[in-house]
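Counting convention: from 1, in listed order, for ligands and their atoms alike. Since the model is a prediction, treat every value here as computed from it, not as a measurement.
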Amino acid sequence: MNVLLVGSGGREHALAWKIAQSPKLTRLVCAPGNPGIAKVAELRPVAVTDVEGLVALARDIAADLVVVGPEAALDAGLADALQAAGIACFGPTRLAARIESSKAFAKAFAVRHGLPTARFEVFDNPTEAKAALARFSGPYVVKADGLAAGKGVAIGHHLAQAEDAIDGMLHGRFGAAGARVVIEEFMAGEEASLFALCDGTRAMLFGGAQDHKRLGDGDVGPNTGGMGAYTPAPLLTPEIVASARERLIEPAVRGLKAEGAEFRGVLYAGLMLTAEGPKLVEFNARFGDPECQVLMMRLKSDVLPYLYAAATGDLSRLPEPEWRDESVIAVVLAARGYPESPVAGTVIRGADARFDPHVQVFHAGTALNAAGELVAAGGRVLNLCARGATLQEARDRAYGAIAAIDWPGGFYRRDIGWRSLSASNRA
Ligand code: AMP
Ligand code: GLY
């Protein structure tokens, strides 16, 4: 099978690493990729939103399957254009991807189909939005409607913080993505991410993880795209997974189909585990980053048949995927200044060190400079991933491996996995 993988982050490096192990693979091309992905795939310099360029590339390499990593490509209509060209695409159409690309759409969709989620209202006028805060109680949750790389959510304990967030968003802080804001009721609980492959009609559970979205140790500070993750997430008990599947995932797949927007790809349900059961925080139309990294390392089955079946509509012919009986953790190394203004160009040494076989280093925002040195070229730059018999063992290996990396321009959280580890220490 010839495969075109679209994207350039840690998620795509993990997908490329796993796809490259498939006995069904003939050729793997990645656009635009990064220096880590270059070790397992051929790179082509086509941007993820250059839909025409990507379709031409897919034709050029006679791609049997295009695997789309990032939401920006889906929102640009890549799946639609590939569908029109008769090329199988893992990733939903623009219409189906609105489940992620518009929070206002996603919330209204949830209400139409009876999915449990927080009460909400949508505004494009700052005066009305601020007046509406009186109908909510703190902490206040204010979200930009559109795609904002995980940074478009403000949670403030004080009214003034919520008002500032509304003003910032409606006055262009996130560009067009903030032209509307969603105000929601705060849900208390622990969060977890659940993944399901979808072929338009059916959903097949594809693992779960817990992500650390906040910048700082102890889960404090601003929201980021994700500073670390681990799988399995002990919080996702079989009962919770069954409930989320019945009450959220299956009705969403049926609802999208009924609304003429069949979903093919991976549906990522961000869950809040509340006292009344799992509730929807958000849907994403793609794998999480860094959740994908830990899922790919834990997946025992060949990933390619699953991606192809979701893209072409016959998931029911495949058995449930098999997972290693191990825990996997990912620690994100980010450039100083992330998420506001990451410093680019600092030199990273040691990313190619010979690591323990349980460790993988996935590249996210990296590049090579004119001298051929590896440098930071994004906010989240490297992912140190490790597997182990227990989460503690995986974590010790991942943090042990960080010691080999010499990068004064970077930083990382030192407590990835703490929620689960402190719960098991209490038990
Ligand atoms: P989202 O981009 O919608 O996933 O939101 C980012 C993060 O904000 C989530 O992972 C939660 O930590 C938090 N969050 C979003 N909505 C709510 C809510 N209604 N109640 C509590 N926390 C929320
Ligand atoms: N790690 C969160 C996300 O990918 O949205």
Side-chain angles (χ1 to χ4, degrees), residues 7 9-12 14-15 69-72 74 97 99-107 110 115-122 136-157 162 165 169 174 177-178 181-195 207-216 219-231 233 266-276 278-295 330-332 334 339 362 364 379-380 383 413 416 419:
R11 167 181 51 209
E12 289 77 23
L15 284 167
E71 61 276 19
L74 301 169
I99 198 97
E100 168 167 11
S101 62
S102 168
K103 291 189 188 288
F105 170 83
K107 295 294 290 190
L115 317 185
T117 191
R119 183 172 65 85
F120 75 104
E121 295 185 43
V122 183
F136 291 84
S137 51
Y140 301 95
V141 182
V142 179
K143 301 184 176 183
D145 174 46
L147 296 176
K151 295 159 211 159
V153 175
I155 299 182
H157 287 269
M169 287 175 194
F174 297 103
V181 297
V182 177
I183 301 178
E184 320 188 337
E185 190 178 54
F186 181 83
M187 296 183 283
E190 291 252 30
E191 285 182 73
S193 310
L194 188 63
F195 298 87
Q210 199 167 21
D211 177 21
H212 291 266
K213 285 209 177 81
R214 300 297 198 97
L215 186 68
D219 292 321
V220 299
N223 265 314
T224 69
M227 295 300 292
Y230 54 94
T231 187
V266 58
L267 185 64
Y268 160 164
L271 306 178
M272 189 68 79
L273 308 180
T274 72
E276 296 114 61
K279 289 192 181 176
L280 181 67
V281 178
E282 63 164 358
F283 278 124
N284 292 311
R286 38 110 194 143
F287 278 116
D289 184 341
E291 292 97 319
C292 184
Q293 289 83 316
V294 293
L295 292 183
V331 179
V332 170
F362 293 123
R380 294 185 293 166
N383 308 139
R413 276 183 60 167
I416 302 304
R419 284 181 184 277

Trainee: If you define the side chain from C-beta out and look only at heavy atoms, does anything of Leu273 sit under 4.5 Å from Glu191?
Mentor: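 In short, these two side chains do not touch, never coming nearer than 4.5 Å.
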
Trainee: Looking at Asn223, which atoms of ligand 1 are within less than 4.0 Å of one of its heavy atoms?
Mentor: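 So the atoms of ligand 1 that pass are 7 (C), 8 (O).
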
Trainee: Lys143 and Glu282: salt bridge (charged side-chain N to carboxylate O under 4.0 Å, His left out), yes or no, with the steps?
Mentor: CA-CA 11 Å; Lys143 301 184 176 183; Glu282 63 164 358; over 6 Å; no

Trainee: Using a strict 4.0 Å cut-off to heavy atoms of Lys213, name the atoms of ligand 1 that fall inside it.
Mentor: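 Here the atoms of ligand 1 in question are 10 (O).
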
Trainee: Donor-acceptor check, side chain of Thr224 to backbone of Lys213, threshold 3.5 angstrom: yes or no?
Mentor: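 Yes; judged by distance alone, with no hydrogens or angles, the pair exists.
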
Trainee: Apply the side chain to side chain contact (heavy atoms under 4.5 Å, CB included) test between Pro290 and each candidate in Val331, Ile416, Val332; give the one that qualifies.
Mentor: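 Only one option passes, and that is Val332.
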
Trainee: Is there any N or O on Arg380 that sits under 3.5 Å from an N or O of ligand 2?
Mentor: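 By distance alone, the answer is no.
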
Trainee: Check for a donor-acceptor pair, side chain of Arg286 on one end and backbone N or O of Gly69 on the other, with a separation under 3.5 Å.
Mentor: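 The answer is no, because no donor-acceptor pair under 3.5 Å joins these two groups.
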
Trainee: Enumerate the atoms of ligand 2 whose separation from the nearest heavy atom of Gly288 is less than 4.0 angstrom.
Mentor: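 Reading through ligand 2 atom by atom, the close ones are 4 (O).
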
Trainee: Number the atoms of ligand 1 from 1 as they appear, then name those within less than 4.0 Å of a heavy atom of Met272, with their elements.
Mentor: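 Numbered from 1, ligand 1 contributes 21 (C), 22 (N).
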
Trainee: With distance as the sole test, does Arg380 use its side chain to make a donor-acceptor pair with the main-chain N or O of Ala364 at under 3.5 Å?
Mentor: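 Absent.
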
Trainee: As a check for students: among Val142, Val153, Leu280, Ile183, identify the option with a heavy atom nearest to atom 8 (O) of ligand 1.
Mentor: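 The nearest heavy atom belongs to Val153.
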
Trainee: Pull out every atom of ligand 1 sitting under 4.0 Å from any heavy atom of Ile155, numbered as shown with elements.
Mentor: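 Close to Ile155: 8 (O), 13 (C), 14 (N), 22 (N), 23 (C).
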
Trainee: Have a look at ligand 1 and work out which part of Glu185, if any, has a heavy atom under 4.0 Å from it: side chain, backbone, both or neither.
Mentor: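 Backbone only; the side chain of Glu185 stays clear of ligand 1.
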
Trainee: Would you check if the side chain of Ser102 reaches a backbone N or O of Asp145 as a donor-acceptor pair within less than 3.5 Å?
Mentor: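 No, the answer is negative, given that no donor and acceptor are paired below the 3.5 Å cut-off.
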
Trainee: Need the ligand 1 atom indices (1-based, order shown) with element for anything under 4.0 Å from a heavy-atom of Glu191.
Mentor: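 Checking each atom against Glu191, I get 9 (C), 10 (O), 11 (C), 12 (O).
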
Trainee: Looking only at heavy atoms, is any part of Arg11 under 4.0 Å from ligand 2, and if so is it the side chain, the backbone, or both, or is it neither?
Mentor: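 It is neither part, as no heavy atom is under 4.0 Å.
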
Trainee: Need the ligand 2 atom indices (1-based, order shown) with element for anything under 4.0 Å from a heavy-atom of Gly225.
Mentor: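 Listed by number with element: 1 (N), 2 (C), 3 (C).
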
Trainee: Quick one: which ligand 2 atoms are inside 4.0 Å of a heavy atom on Tyr268?
Mentor: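 Listed by number with element: 2 (C), 3 (C), 4 (O), 5 (O).
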
Trainee: So is Arg286 touching ligand 2 or not, going by heavy atoms under 4.0 Å?
Mentor: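 Under 4.0 Å: yes for Arg286.
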
Trainee: Could you tell me the separation between the CE atom of Met187 and the OG1 atom of Thr117, rounded to the nearest 0.5 Å?
Mentor: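 It comes to 5.0 Å.
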
Trainee: Measure the CZ-CG distance between Phe283 and Leu271 for me, rounded to the nearest 0.5 Å.
Mentor: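 Atom-to-atom, Phe283:CZ and Leu271:CG are 8.5 Å apart.
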
Trainee: Which of the numbered atoms in ligand 2 are below 4.0 angstrom from a heavy atom of Glu291?
Mentor: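 Counting atoms of ligand 2 from 1, those under 4.0 Å from Glu291 are 1 (N), 2 (C), 4 (O).
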
Trainee: For Glu121, which residues count as a salt bridge (charged side-chain N to carboxylate O under 4.0 Å, His left out) partner, sequence neighbours excluded?
Mentor: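 Checked Glu121 against salt bridge (charged side-chain N to carboxylate O under 4.0 Å, His left out); matches are Arg135.
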
Trainee: Run the numbers for me: atoms of ligand 2, each under 4.0 Å from some heavy atom of Asn284, listed by number.
Mentor: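 Selected atoms, number and element: 5 (O).
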
Trainee: I'd like to check whether Asp211 has a polar contact with ligand 2, where a contact means an N/O of the residue lying under 3.5 Å from an N/O of the ligand.
Mentor: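 Yes.
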
Trainee: Could you tell me whether Asp219 and Arg413 have a side-chain N and a carboxylate O separated by less than 4.0 Å?
Mentor: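 Yes, Asp219 and Arg413 are salt-bridged.
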
Trainee: Backbone, side chain, both or neither: what part of Met187 comes under 4.0 angstrom of ligand 1, heavy atoms only?
Mentor: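 Both of them.
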
Trainee: Provide the number and element of each atom of ligand 1 under 4.0 Å from a heavy atom of Lys143.
Mentor: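 Answer for ligand 1: 3 (O), 15 (C), 16 (N).
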
